[in-house]
Peer 1: 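Would you mind keeping the following structure in view while I ask a few things?
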Amino acid sequence: MAGEVEARLSELGITLPEPVAAAANYVPAVRSGNMLYISGQLPIGPGGMTLTGTLGAGVSIEDAQKAAQLCAINVMAQARAALGDLDKVARVVKLVGFVASTPDFGDQPKVVNGASDLMVAAFGEKGRHARSAVGVAALPFGAAVEVEAVIEIEA
């Protein structure tokens, strides 16, 4: 039976997918002590990459927010795979969101809110986190957004 976090996700109409395999020489998640580090997750859904392109050059903030939310879903899928149960999360400590952007685009925080809002919806107060929203020239496979996470695990 799913725990409280997955029940909240279900209420939001979200079912966690099987985690995406690593695309290169790294692991998707590393546990060190009571910390879990989740590698950058792209907006990959059942049909593959859901949003490519660059903010400020044709990609809308709204579409990128949905992509950031999908990145957060993939972060949670990796965390569940590493921990067995998302209820073991003591705190989402930090998210780092990367947004493929033109030099004059400055709304990266609005884009990454797609991921942040979902973490708070899923984990409640445990989901409130520190965050960076960084504009970059390009992301792997042409993705518009990528999100990584640092998560504290209950002892």
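Remember, it's a predicted structure, so these values are computed and weren't measured experimentally.
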Peer 1: Could you grab the distance from atom CG of L70 to atom CG of L42, nearest 0.5 Å is fine?
Peer 2: 9.5 Å
Peer 1: Under 3.5 Å, side chain of T50 to main-chain N/O of P43, donor-acceptor pair present?
Peer 2: yes
Peer 1: Is the side chain of T102 donor-acceptor paired with the backbone N or O of T54 at a distance under 3.5 Å, no angle test?
Peer 2: no
Peer 1: Membership question, hydrophobic clusters at under 4.5 Å side-chain separation (ILVMFWY): are V145 and F98 in the same one?
Peer 2: no
Peer 1: Do any N or O atoms from the side chain of D104 and from the backbone of G56 form a donor-acceptor pair under 3.5 angstrom?
Peer 2: no
Peer 1: Report yes or no: does Q78 contribute a side-chain atom to a donor-acceptor pair with the main-chain N or O of V20 at less than 3.5 Å?
Peer 2: yes
Peer 1: If you measure from CZ on R80 to CG on L9, what distance do you get to the nearest 0.5 Å?
Peer 2: 9.5 Å
Peer 1: State the CG-CD1 distance between L86 and I151, to the nearest 0.5 angstrom.
Peer 2: 8.0 Å
Peer 1: Does the R91 side chain pair with the main chain of R128, one donor and one acceptor, at a distance under 3.5 Å?
Peer 2: yes
Peer 1: Return the set of residues passing side-chain hydrogen bond (donor to acceptor under 3.5 Å, both in side chains) with R131 (not counting sequence neighbours), or none when no residue passes.
Peer 2: N113, S116
Peer 1: Tell me if a side-chain donor or acceptor on S32 pairs with a main-chain N or O of M35 at a distance below 3.5 Å.
Peer 2: no
Peer 1: Look up atom OG in S132 and atom CG in L95, then write down how far apart they are to the nearest 0.5 Å.
Peer 2: 9.5 Å
Peer 1: To the closest 0.5 Å, what do you measure between CD (Q41) and CD1 (I73)?
Peer 2: 11.5 Å
